[in-house]
Trainee: 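This structure is in structure tokens; I'll ask about it shortly.
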Number of protein chains: 2
Amino acid sequence: MHLSTVSRVLNGDQSLSIRPETRDRILTAAHRQGYRPNAMARALKRSRTGALAMVVPLLRNPIWAGIQRGALQAAVEGGQVVMILEEPQDDVRPPTDYQYLVEESRADGLLIATSRREGAGRHRGLVVPHVYLNRRGPQPGNNVVMDEDMAMRLFVDHVAALGHRRLGVVDGFKIIDTVHRRAAAVRALCSARGMSVTFEHAEDTEEGGYEAARRLLQRSEAPTAIGVGSLTQLFGAMMALRELAVSVPDDMSLVSFDEDACLRYLEVSVTSVSMPLHELGAAAVRALIERVNGGAGEDLLVSNPLTLVQRASTAAPRSGRRLRR
Amino acid sequence: MHLSTVSRVLNGDQSLSIRPETRDRILTAAHRQGYRPNAMARALKRSRTGALAMVVPLLRNPIWAGIQRGALQAAVEGGQVVMILEEPQDDVRPPTDYQYLVEESRADGLLIATSRREGAGRHRGLVVPHVYLNRRGPQPGNNVVMDEDMAMRLFVDHVAALGHRRLGVVDGFKIIDTVHRRAAAVRALCSARGMSVTFEHAEDTEEGGYEAARRLLQRSEAPTAIGVGSLTQLFGAMMALRELAVSVPDDMSLVSFDEDACLRYLEVSVTSVSMPLHELGAAAVRALIERVNGGAGEDLLVSNPLTLVQRASTAAPRSGRRLRR
DNA sequence: CTGTTAGCGCATTCAC
DNA sequence: GTGAATGCGCTAACAG
């Protein structure tokens with residue numbers, strides 16, 4: 001009984017008929033000695049590393065926790081290790097800059113979760129197995145995104161049902177793919193319902209949210225309900241409302257497009273749209289594994305579970321003049 | 001001119017005297033063909049992967065952004081790749097559960113940033129190169145932590161200078177190493193200054209912060225200044241203050257032990273202690289690289305830059321009865 | 001100073 | 001059904 005037999009047993013080779021006792025002897029011996037197959041050597045032989053690389057923007061945005069967690073879980077189920085690379089926001093690089101990970105065979109495929117849309121023309125496109133996560137890449141076929149359309153529908157329908165007709169949206173710049181899709185969706189929804197909508201795009205920081213909300217509030221025809229693209233911007237927006245003495249929800253309804261536990265604890269607990277972050281991460285990893293295995297690709301739209309978390313920041317628009325305080 | 005020569009040129013072998021033109025020819029050819037050394041094969045030969053694994057708790061706490069960023073930068077400078085593994089809070093595992101990464105040679109060493117202190121006795125200790133980051137491991141020699149003592153000194157001195165004598169602290173459970181060290185530091189500082197201090201330990205969630213703050217406020221001799229261990233707990237604590245109509249800073253001074261941009265934008269902008277997160281991450285990676293190279297180890301205390309960010313949530317304790325609102 | 005060669009640890013093809 | 005042999009891509013120790 002020798003080397004190769006051991007290898008086969010350890011890899012669970014089906015076409016191997018071995019005496020169960022021998023099999024057991026091998027397994028227990030391996031376990032007892034704490035045998036670990038060398039991933040490098042195995043990778044070299046199989047030309048598969050068993051690792052996936054995920055590139056995410058280095059953000060404080062809590063959505064990444066949910067996404068990463070889903071991805072991690074799916075990876076474990078698929079027998080893969082995930083390495084996460086965080087890209088500083090002040091040093092944004094094209095996705096091709098991460099191909100080296102596959103080319104050097106440190107990973108089998110790439111999960112690209114950087115948020116910026118590339119100019120579809122100039123971009124050469126990745127030549128290694130990959131999936132764009134929460135954004136679309138230059139070509140169709142490798143994109144796994146959430147149903148921002150549905151999310152915006154929840155937002156618009158909620159405030160419309162309360163009686164609002166003039167909406168405002170504070171969000172990041174349109175170069176961010178999710179922002180782009182959300183804006184298009186809101187525009188279409190409002191137009192279909194005969195509602196008006198005003199967008200203010202700004203940096204995804206507290207300061208950006210603050211400035212954008214101020215601009216929105218100082219318009220001649222200010223909206224009566226505002227959606228805010230991220231938790232970060234929300235903090236800024238709430239300060240703007242406070243400064244201008246606009247009370248929520250009496251003078252203004254407020255909805256966050258990021259769900260987070262802290263929303264319940266703010267000065268006014270904030271209604272939000274909760275996205276399927278966990279499912280997004282998991283779906284992307286599964287899609288990538290499929291591509292690494294040579295499977296073809298289809299774009300994926302993750303829609304479940306997508307819900308509105310109703311809290312205290314939304315109400316009917318003020319009709320009379322009941323000034324609180 | 002053959003294979004090994006190429007290898008040597010590409011690895012920048014000094015002891016190689018070659019005609020510059022040949023050298024150039026090799027380099028340009030390699031570049032033109034997009035040659036990438038196969039990291040697996042190289043690792044196999046050198047028995048060094050060039051990768052470090054960092055295990056962090058899957059928290060929304062923004063401190064990890066700073067730490068990871070510092071670590072990443074130091075890693076790039078050291079020619080290493082960092083793979084980040086996130087450990088779900090609901091599935092806490094001992095550090096030894098991650099040794100397989102080194103044993104399978106997926107990584108050369110481990111950065112352990114999970115927060116829980118192990119029972120020093122039972123724990124076998126890691127047998128692979130490693131560094132504990134922002135916490136202490138079972139033995140001295142491999143720990144890189146921040147100067148929580150100094151941080152607490154900034155907090156206590158700040159409120160003491162404002163005239164506070166009764167302090168409160170809302171923090172996580174003492175099984176978290178940083179919490180343990182902070183508590184010890186505050187106790188010593190207060191005792192030395194003849195001040196009293198009350199601790200409330202709770203889950204590191206908004207809910208936990210809320211409950212702990214309530215308990216603190218309902219004591220017969222409530223403190224006049226409170227320090228809060230994390231941003232998450234801070235949200236809860238602020239809700240408790242709001243509900244009990246305790247105004248900040250008039251009735252209560254408030255300090256966060258996490259610094260974050262959003263603090264400036266809260267209903268009352270919150271004073272905080274800013275920790276050297278970036279430096280911590282970088283120092284830990286450098287320390288780990290040293291250990292991977294066989295170097296001995298010393299515990300490291302990262303103290304710079306450590307500052308108090310003064311905002312509007314701290315003031316002298318109320319003496320008279322000036323009730324604002 | 002440069003070319004040849006041996007193996008890093010494993011999976012797998014082939015004879016047996 | 002099982003053992004021996006080959007090579008994944010690279011580096012380093014050798015000999016030339």
Side-chain angles (χ1 to χ4, degrees), chain A residues 1-51 79-81 99-109 127-129 292-294, chain B residues 1-27 29-51 79-81 99-109 128-129 292-294:
Chain A
M1 188 269 295
H2 275 287
L3 192 69
S4 55
T5 314
V6 175
S7 173
R8 282 175 238 191
V9 168
L10 262 39
N11 285 303
D13 187 336
Q14 294 297 342
S15 69
L16 176 67
S17 46
I18 190 178
R19 282 193 304 263
E21 63 180 68
T22 316
R23 226 183 72 91
D24 285 351
R25 204 152 54 88
I26 292 175
L27 288 175
T28 55
H31 185 72
R32 195 167 39 75
Q33 301 179 24
Y35 172 77
R36 293 278 175 195
N38 183 310
M40 301 295 106
R42 172 177 280 175
L44 193 55
K45 185 64 186 164
R46 292 200 186 158
S47 38
R48 284 283 289 279
T49 64
Q80 306 285 308
V81 166
Q99 277 193 121
Y100 81 96
L101 289 164
V102 178
E103 290 167 344
E104 292 183 353
S105 28
R106 285 195 183 277
D108 295 328
V127 297
V128 301
V292 168
N293 289 334
Chain B
M1 186 266 297
H2 276 285
L3 192 68
S4 56
T5 315
V6 174
S7 174
R8 281 176 241 189
V9 168
L10 262 41
N11 285 304
D13 187 337
Q14 295 297 343
S15 70
L16 176 67
S17 46
I18 189 177
R19 281 196 304 265
E21 61 180 69
T22 315
R23 225 182 72 91
D24 286 350
R25 206 150 54 88
I26 292 175
L27 289 175
H31 185 72
R32 197 165 39 77
Q33 299 179 26
Y35 171 77
R36 294 278 174 194
N38 183 311
M40 302 294 106
R42 171 178 283 174
L44 194 55
K45 183 65 186 166
R46 292 201 185 155
S47 41
R48 284 282 290 280
T49 64
Q80 306 286 307
V81 166
Q99 278 193 119
Y100 80 96
L101 289 165
V102 177
E103 290 167 344
E104 292 183 352
S105 19
R106 285 197 182 276
D108 295 328
V128 300
V292 167
N293 290 334

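Lettering follows sequence order; numbering is per chain, from 1. These numbers were taken from a predicted model, which means no experiment stands behind them.
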Trainee: Search all heavy atoms of B/V128 against all heavy atoms of B/Q99 and return the closest pair with its distance.
Mentor: N-OE1, 3.6 Å

Trainee: If the condition is salt bridge (charged side-chain N to carboxylate O under 4.0 Å, His left out), which residues does B/R46 pass it with, not counting sequence neighbours?
Mentor: none

Trainee: Is there side-chain contact between B/V81 and A/E104, with heavy atoms separated by less than 4.5 Å?
Mentor: no

Trainee: Could you tell me the separation between the CG atom of A/N11 and the C1' atom of D/dT2, rounded to a whole number of Å?
Mentor: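 Between C1' of D/dT2 and CG of A/N11: 16 Å.
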
Trainee: Between B/S105 (side chain only) and B/V102 (backbone N and O only), is there a donor and an acceptor less than 3.5 Å apart?
Mentor: no

Trainee: Can you sort out the partners of B/R48 under salt bridge (charged side-chain N to carboxylate O under 4.0 Å, His left out), two or more places apart, ordered by chain and number?
Mentor: B/D108

Trainee: Which residues pass the side chain to side chain donor-acceptor pair (under 3.5 Å) test with A/E103, sequence neighbours left out?
Mentor: B/R36

Trainee: Can you tabulate the close N/O pairs, meaning under 3.5 Å, that link protein atoms to atoms of nucleotides 5-9 of chain D?
Mentor:
from  : atom 1 : to    : atom 2 : distance (Å)
D/dG7 : N2     : A/K45 : NZ     : 3.2
D/dG9 : N2     : B/A41 : O      : 3.3

Trainee: Applying side chain to side chain contact (heavy atoms under 4.5 Å, CB included), can you list everything that pairs with B/L10, at least two apart in sequence or on another chain?
Mentor: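 By the side chain to side chain contact (heavy atoms under 4.5 Å, CB included) rule, B/L10 matches B/V6, B/I26, B/L27, B/A30, B/Y35.
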
Trainee: Bend angle of the helix from C/dC1-D/dG16 to C/dC16-D/dG1 from five-pair axes at both ends, rounded to 10°?
Mentor: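 Computed from the C1' atoms at both ends, the axes differ by 50°.
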
Trainee: Is there a side-chain contact between B/T5 and the phosphate of C/dG3, meaning an N or O under 4.0 Å from OP1 or OP2?
Mentor: yes

Trainee: Between B/R48 (CZ) and C/dG9 (C1'), how many Å, whole number?
Mentor: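 Checked: the CZ to C1' distance equals 18 Å.
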
Trainee: Check whether any side-chain N or O of B/S47 sits under 4.0 Å from OP1 or OP2 of C/dC8, and answer yes or no.
Mentor: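 For B/S47, the contact criterion (side-chain N or O under 4.0 Å from OP1 or OP2 of C/dC8) is not met.
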
Trainee: State, to 0.1 Å, how close B/L44 and A/A41 come at their nearest heavy-atom pair, and which atoms those are.
Mentor: CD1-CB, 3.7 Å

Trainee: Can you tell me how far C1' of C/dT2 sits from CG of B/L10, to the nearest Å?
Mentor: 16 Å

Trainee: Figure out the CZ/C1' separation between A/R25 and D/dT2, and round it to whole Å.
Mentor: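 For the pair A/R25 CZ and D/dT2 C1', the rounded distance is 14 Å.
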
